[in-house]
Amino acid sequence: MNFPRILSSALLASAMALPSLAHAWWNGDFTHRTKVVLNTSAQGVETKEALSGVVVPVRLHSGNFDFLGAKPDGADLRVIAADDKTPLKHWVERFDGVNELAVVWVQLPNTLPGTDKNIVYVYAGNEAATAEAPNAALFDGAMAAAFPFSGQNSEPVADATNTIQSATPLARETTGLIGPSGKLDGQALSWTNDKLKAGANAPYSISLWFKPEAVTGTLVSQGPLSLKLDAGKPSAALGTATAAGGELPTGAWAHLALTIGNGKLTLYVNGAQAAQADLPAAGAPIEGPLQLGQGITGLVDQLEVATTVRSADWVKLAHAAQSADAKLVATTTETPETAGHADGGGEAGHFAILVDNLTVDAWVVIVILAVMFAIAVWVMYDKAVLVGRADKDNSRFLVGFREARDVLAVSSKDLKHSQLARLYEAGLRELNKRDVGKAGSAPLSGASIDAVKAAIDADLIRESHTLNSKIVLLTIAISGGPFLGLLGTVVGVMITFAAIAAAGDVNVNAIAPGIAAALLATVAGLAVAIPALFGYNYLAARIKNISSDMGIFVDEFVTRVAETYGAR
């Protein structure tokens, strides 16, 4: 057995397999996907703990997802793990194909600390796909209830499994932090369920997003447990233990979380620990209705209750993911052709990303610019050929004209591209009308010579018009191309920012593709104008030289005729 040969063959086969792995695509029936990266390294939102079962919202909009290629109701959405093989549990809270906005909650089986390799893929673009039923086990087993505040206006608020509902309805704000948000009006919203309770000093966690209008009141209460605001300062209390710290400004979303366990009551504000207090040895159980918004007004979103102590890293990651922290979440639109370049593997991949994110208005502008470019190229080619042939034939004619002793006997045969030859023929026509050069003809008077010159000058003007015809199309491309491109860019940027504002997503990685694609319209405008400018200047110089040669020839021809056949 030749072991080295077998080893080298195996290495070669492995090397050949690498490109196919780099270009992996879960299912060829799906035409595009959005790559979602959670960066838990120091360059993102750094975590130290490996987390399992974290559920994060993936915000989709025109800047990171091809809504035109997806089904109008989002039925073809599929979420796949980083191995590009394993389907992940997910739930579509919102899919608006008209306004090109969507929110998809995805469970991450494992979220590793200190890496930018926490990746999931959202696939779409399969007309034959049917909608998947929501997975009731989306959240981990410790999640007692998660209330996303989705649903119709003034309906009861149900949890993600639709099994726990509020006793009273609640008004909704359509454009909230993640999806729709609830509007607290000072009246308590309550839920009663056996899942929502904990024994004395048993592990328990509550988190939610709140955008206050009034900064004083009870935000959450359940038995001996409460989370209150006093002039914008949050405090959590359980029996005699109180943890107060941090501050909430009016009119801004804030993430609040409290955890109970290990003898500690801990309060978190916007992902960071704000306060902590020791729990008494003999505590009271947390039971009874869970109440929200007693005596306080504002917007609320994503209320979560868990029968475990959520770690500091869990709270930190949940805050960053749900608020779409630009450092944590990065999204990229990919197709089977660009998937291999998704990690910055080349200019072709970057260009494909730009093309994938072009809006309809940008496409319209680019198509118009493409037509302008084609016309400009045709004009430049046509005129370059014309002036080249004209220069060649004019030079041949001038040689014959200057060598001829008789000014009326110059040959212009086979010089169809020569403007000088045509001017010469125009002059001969005028001279033949006056029988110049024939026996017995009278010498030309000064007035006759002026008339002949005027007739030749008229033909010179017509030749100049022919030379300059269609050149105006180049000037239109030069001046109009950049402005059209700028128009496409401005409209594209406006649409991108409008989508971001509607989605509430301030992720720079989500904004960048849309803005970069919009700038492609300006690049297209310059790509039309710059070659047209160079071509115009070159052709204008060549045409100016030919026009000068025509003017000189007319003077030379008329002078020789006057010298030979004029009155003395």
One pair to check against side-chain hydrogen bond (donor to acceptor under 3.5 Å, both in side chains): Lys383 and Ser469. What are the steps and the verdict?
CA-CA 9 Å; Lys383 289 301 177 183; Ser469 65; 3.1 Å; yes

Worked check of side-chain hydrogen bond (donor to acceptor under 3.5 Å, both in side chains) between Ser181 and Asp301:
CA-CA 5 Å; Ser181 297; Asp301 206 346; 3.1 Å; yes

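Ile456 contributes atom CD1, which lies 7.0 Å from atom CZ of Phe553 (distance to the nearest 0.5 angstrom). In this structure, CZ on Arg389 lies 7.5 Å from NZ on Lys416, to the nearest 0.5 angstrom. How far CZ of Phe65 is from OG1 of Thr331: 11.5 Å, rounded to the nearest 0.5 Å. In this structure, Arg422 CZ and Leu460 CG are separated by 11.5 Å, a value rounded to the nearest 0.5 Å. Here the CD1 atom belonging to Ile80 is positioned 8.0 Å from the OG1 atom belonging to Thr86, to the nearest 0.5 angstrom. The CG atom of Leu317 lies 5.5 Å from the CG atom of Leu328; values are rounded to the nearest 0.5 Å.
When all heavy atoms of Ala82 and Tyr121 are compared, the closest pair comes out as O-CE1, 3.9 Å.
Between Pro57 and Glu93 there is no side-chain heavy-atom pair separated by less than 4.5 Å. In this structure, Asp393 and Arg396 have side chains that are in contact, with non-hydrogen atoms separated by less than 4.5 Å. The shortest distance between side-chain heavy atoms of Asp96 and Phe67 does not fall below 4.5 Å. Proximity of Gln43 to Asp116: side-chain heavy atoms (C-beta onward) are nowhere separated by under 4.5 Å. Within the 4.5 Å cutoff, side-chain heavy atoms of Leu108 are placed close to those of Val56.
Note: Tyr123 and Phe30 have perpendicular aromatic rings, judged against thresholds of 30 and 60 degrees for the angle between ring planes.
In the displayed structure, Phe95 atom CZ is contacted under 6.0 Å by more than 12 heavy atoms of other residues, nucleotides or ligands. Residue Phe373 places its CZ atom among 12 or fewer non-hydrogen atoms of other residues, nucleotides or ligands, all under 6.0 Å distant.
Ion pairing between a basic and an acidic side chain is recognised when a charged N comes within 4.0 Å of a carboxylate O; Asp459 and Arg462 show such pairing. Salt bridge status for Arg78 with Asp29: absent, with no side-chain N to carboxylate O gap under 4.0 Å.
Side chain of Asn394 to main chain of Ser418: no donor-acceptor pair is present (N/O by atom type, distance under 3.5 Å, no hydrogens or angles). The closest donor-acceptor contact from the side chain of Lys71 to the backbone of Ala129 lies under 3.5 Å. Under the 3.5 Å distance criterion, the side-chain polar atoms of Asp76 are matched with a main-chain donor or acceptor of Gly125. A side-chain donor-acceptor contact under 3.5 Å links Asn118 to the backbone of Leu38. Although no hydrogens or angles enter the test, the distance criterion places a donor-acceptor pair under 3.5 Å between the side chain of Thr333 and the main chain of Asn64. Formation of a donor-acceptor pair under 3.5 Å by the Thr40 side chain with backbone atoms of Leu112 is found in this model. Side-chain atoms of Asp435 do not come within 3.5 Å of backbone N or O of Lys438 as any donor-acceptor pair. Put simply, the side chain of Thr489 gets close to the backbone of Thr522: a donor and an acceptor are under 3.5 Å apart. A donor-acceptor contact shorter than 3.5 Å is absent between the side chain of Tyr536 and the backbone of Ile478.
With sequence neighbours left out, the side chain to side chain donor-acceptor pair (under 3.5 Å) criterion links Ser464 to no other residue.
Annotation: cation-pi pair Arg560/Phe401 present, NZ/CZ under 6.0 Å from the ring centroid and within 45° of its normal.
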